[in-house]
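Since the structure comes first, as structure tokens, the remarks are kept for the end.
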Amino acid sequence: MQDQLIIFDTTMRDGEQSPGASMTREEKVRIGKQLERLRVDVIEAGFAAASAGDFEAIRAVAEAVKESTVCSLARANETDIRRAGEAVAPAARRRIHTFIATSPIHMKLKLRMSEEQVLEAAVRAVRLARQFTDDVEFSAEDAVRSEVDFLCRVFEATIAAGATTINVPDTVGYSVPERWGALFRELLGRVPNADKAVWSTHCHNDLGMAVANSLAAVMNGARQVECTINGLGERAGNASLEEIVMAVKTRSDVFSCRTAIDATQIVPTSKLVSTITGYPVQPNKAVVGANAFAHESGIHQDGVLKHRETYEIMRAEDVGWGANRLTLGKLSGRNAFKTRLAELGVTLASEEALNAAFTRFKELADKKREIFDEDLQALVSDESVTPEQERFKLVSLVAHSETGEQPFARVVISDAGHELRSEARGAGPVDASFQAIEEVVHSGTELLLYSVNNITTGTDSQGEVTVRLTKDGRVVNGMGADTDIVVASAKAYLSALNKMGISSARMNPQYGEETAAP
Ligand code: KIV
Ligand code: ZN
């Protein structure tokens, strides 16, 4: 019998701490349900004390998710823990994850607390959390730079106080696999009640070793890995869920544990998270990158055609790439459309939403001969947007570019139902259309990032555009898809403006400062 490796997904908490990756309540519910389909064991849905919006979003995930455990982060103080307890209360399985920093640098300069004060706060926090649930996780923030003797004392005391999971974070992404594995070996050997808790690893990717470090911890006794879809997360990100899961599965000769993950849901989950957060997946990203299973060189292609295992250690369809196939066409009916969406795990909220999506599907089918699953997913990607969240909508766009002429765009947008018209010239048709929008919106935002990816292959593919805007220190991402990339760009720009409008201040749990969030 192999041990179970618990997969703890923190895409909606640590992942959400990436600039502009904040998610609305509806988006979190959608991701939560998809994570459940992926059979993630624990979903960290957010930090309840960050803002009213975060609290509501965690509660909504707790109501929607039935199988996975739903968790909220809480600093080691009474207010945070009570808030987290209330937020996860509706969940069938709930966890409170409380943390405090244990490294000398954090205790002295950030917390201004002594070792004894930190230890006491940790124990108090765990005891209080146990009043809300039997499933309590304790994390020693910046464990990587903490004194091992002190870590042992804190972990022994928090386990005695009722912590059922002990999480050891490499908060700053500083460790290397050999050292990280050795730390787990030492902690498990030295903490007297170590066998009373599940040991967990949480690694950041600043030196590109988050996955390697996490796996080293697993080899040395960790039985929970904290990770995110697409490796999303603060700075260089967190350990990537798909890489951890596929490493453990593919190298079962090396790892004496297994996960409950349904790997065929990996690619759909990756796409959903990318669409919602506006963080594209790099093409050469392991497992979920568009080129992860593409063989370019003649020698490789020849080998794979003769025998797939010459160059492939995993099968594309086993991680969900099988979905990349022709599904529907121009003549497909409403029922076939609805059925395929259901197979992709998408249930639209109402008959009207289904009808509207079906109309968009027909429009797309008129422009594009073959409709793939990815097209359908892009088509319904803004389905969770409520009317209040969609102040600006694109009504029409004319863009003109000609060699020797300055490109020009004319746009009509709807601003909460009122039509606004304008035109502008720019460096290219995309630039001209953004300038035309700004002529009437005067958002005062600054463009941080503009990127285009094709959703499927071929020149008739839909282009998926990401636009990242900033204003007053807040950062938001917007996405848009269309077979016409100028239209996709205008949609993405308006989607970012809409997000900017609904963002409100929230607190980052680790810095205690205000940042932007839904
Ligand atoms: O990186 C970190 O230390 C964290 C903790 C809150 C677990 O995210
Ligand atoms: Zn973290």
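Being a predicted model, the structure only gives us computed values, none of them experimental.
Shown are N213, V211, L215; of these, the side chain to side chain contact (heavy atoms under 4.5 Å, CB included) with C203 is made only by N213. Among L5, L38, T269, the one residue that satisfies the side chain to side chain contact (heavy atoms under 4.5 Å, CB included) test with I261 is L38.
Of the N and O atoms on the side chains of S240 and E242, at least one donor lies less than 3.5 Å from an acceptor on the other residue. For Q4 and D41, the side-chain atoms include at least one donor-acceptor pair closer than 3.5 Å. Between N498 and S495, the side chains place no donor N or O within less than 3.5 Å of an acceptor N or O (distance only, hydrogens not considered). Side chains of H204 and E234: a donor-acceptor N/O pair is absent below 3.5 angstrom, by distance only. N167 and S139 form a side-chain donor-acceptor contact under 3.5 Å, judged by distance and modelled atom types alone. Side-chain contact check for T228 and T11: no donor-acceptor pair (N or O, by modelled atom type) lies under 3.5 Å. With hydrogens and angles left out, the side-chain atoms of Q282 and N284 include a donor and acceptor closer than 3.5 Å. Side chains of E226 and Q224: a donor on one and an acceptor on the other come within 3.5 Å. Side-chain contact, K108 with S103: no donor N or O sits under 3.5 Å from an acceptor N or O.
A donor-acceptor distance shorter than 3.5 angstrom exists from the side chain of T164 to the backbone of V136, with no hydrogens or angles considered. Under a 3.5 Å cut-off, the side chain of N230 and the backbone N or O of L232 do not form any donor-acceptor pair. Without hydrogens or angle criteria, K491 side chain to M479 main chain gives no donor-acceptor distance under 3.5 Å. In this structure, the side chain of N205 engages the main chain of A210 through a donor-acceptor pair within 3.5 Å. Within the 3.5 Å criterion, the main-chain N or O of S175 finds a donor-acceptor partner in the side chain of D170. With hydrogens and angles ignored, the 3.5 Å screen pairs a side-chain donor or acceptor of N477 with a backbone N or O of T277. In this structure, T69 contributes its side chain and V42 its backbone to no donor-acceptor pair below 3.5 Å. Of the possible donor and acceptor atoms, none in the side chain of R223 sits under 3.5 Å from a partner among the backbone N and O of A197. Although no hydrogens or angles enter the test, the distance criterion places no donor-acceptor pair under 3.5 Å between the side chain of R94 and the main chain of G85. Counting only distance, with no hydrogens or angles, the side chain of D9 and the backbone of V40 share no donor-acceptor pair below 3.5 Å.
The closest side-chain heavy-atom distance from H202 to D14 is below 4.5 Å. With contacts defined as side-chain heavy-atom distances shorter than 4.5 Å, the pair E137/C71 does not qualify. The shortest side-chain heavy-atom distance between Y279 and S18 falls under the 4.5 Å cut-off. Side-chain contact between V319 and T264: absent, with no pair of heavy atoms (C-beta onward) separated by less than 4.5 Å. With contacts defined as side-chain heavy-atom distances shorter than 4.5 Å, the pair V465/S451 does not qualify. Inter-residue side-chain proximity for V191 and W199 is flagged as met; some heavy-atom pair is nearer than 4.5 Å. Considering only heavy atoms from C-beta on, T445 comes within 4.5 Å of Y493 through its side chain. Contact annotation: the side chain of V380 approaches that of L348 to within less than 4.5 Å [non-hydrogen atoms, C-beta and beyond].
Going from atom CZ of F150 over to atom CE of M107 covers 4.5 Å, rounded to the nearest 0.5 Å. Expressed to the nearest 0.5 Å, how far CG of L183 lies from CG of L188 amounts to 9.5 Å. The OG atom of S72 sits 9.0 Å away from atom CZ of F55, with the distance rounded to the nearest 0.5 Å. The distance from the CZ atom of R468 to the OH atom of Y450 is 14.5 Å, given to the nearest 0.5 Å. How far OG of S22 is from CE of M12: 13.5 Å, rounded to the nearest 0.5 Å. With rounding to the nearest 0.5 angstrom, the NZ atom of K28 is 10.0 Å from the CZ atom of R13.
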Take V267 and K271 through the side chain to side chain contact (heavy atoms under 4.5 Å, CB included) test and state the conclusion after the steps.
CA-CA 6 Å; V267 169; K271 285 181 184 294; 3.7 Å; yes

Under the criterion side chain to side chain contact (heavy atoms under 4.5 Å, CB included), I'd like the reasoning laid out for R153 against L119: C-alpha separation, chi angles, the key distance, then a yes or no.
CA-CA 8 Å; R153 281 178 64 211; L119 191 132; 4.0 Å; yes

Check step by step if side-chain hydrogen bond (donor to acceptor under 3.5 Å, both in side chains) holds for T133 and D135.
CA-CA 5 Å; T133 170; D135 187 347; 5.6 Å; no

As a quick check of understanding, evaluate side chain to side chain contact (heavy atoms under 4.5 Å, CB included) for I166 and I159, giving each step before the final call.
CA-CA 8 Å; I166 291 294; I159 295 171; 3.6 Å; yes

One pair to check against salt bridge (Lys or Arg N to Asp or Glu O under 4.0 Å): R95 and E44. What are the steps and the verdict?
CA-CA 9 Å; R95 174 179 294 189; E44 187 164 52; over 6 Å; no

Apply side-chain hydrogen bond (donor to acceptor under 3.5 Å, both in side chains) to residues E464 and N453 and explain how you reach the verdict.
CA-CA 5 Å; E464 191 169 53; N453 277 306; 5.6 Å; no

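Taking each heavy atom of A492 and V467 in turn, the nearest pair found is CB-CG2, 3.8 Å. Pairing each heavy atom of S274 with each of P280, the nearest pair is OG-CA, 3.7 Å. In this structure, V476 and A496 approach most closely via the heavy-atom pair CG2-O, 3.4 Å. Closest approach of I100 and A122 over heavy atoms only: CG2-CB, 4.0 Å. Shown here for A84 and I96, the closest heavy-atom pair between the two residues is CB-CG2, 4.2 Å.
Looking at D253 and R251, a side-chain N of the basic residue comes within less than 4.0 Å of a carboxylate O on the acidic one, giving a salt bridge. Ionic pairing of R235 and D206 is present here: one or more N-O contacts between side-chain nitrogen and carboxylate oxygen are shorter than 4.0 angstrom. The pair R124-E78 does not count as a salt bridge, with every side-chain nitrogen at least 4.0 angstrom from each carboxylate oxygen. Taking a cutoff of 4.0 Å between a charged side-chain nitrogen and a carboxylate oxygen, R190 and E156 do not qualify as a salt bridge.
Summarising the local packing, NZ of K285 is surrounded by more than 12 heavy atoms from other residues, nucleotides or ligands at distances under 6.0 Å. Counting heavy atoms of neighbouring residues, nucleotides and ligands inside a 6.0 Å radius, atom CZ of R145 exceeds 12 of them. Sparse packing is recorded around CD of E178, with 12 or fewer heavy atoms of other residues, nucleotides or ligands lying under 6.0 Å away. Other residues, nucleotides and ligands contribute only 12 or fewer heavy atoms inside 6.0 Å of the CD atom of E147.
Under the rule for a salt bridge (charged side-chain N to carboxylate O under 4.0 Å, His left out), E446 has no partner lying at least two apart in sequence or in another chain.
Stacking of R75 on the aromatic ring of F47 is not recorded, the 6.0 Å distance cut-off and the 45° axial limit not both being met.
In this structure, W180 has its ring center no closer than 6.0 Å to that of Y174.
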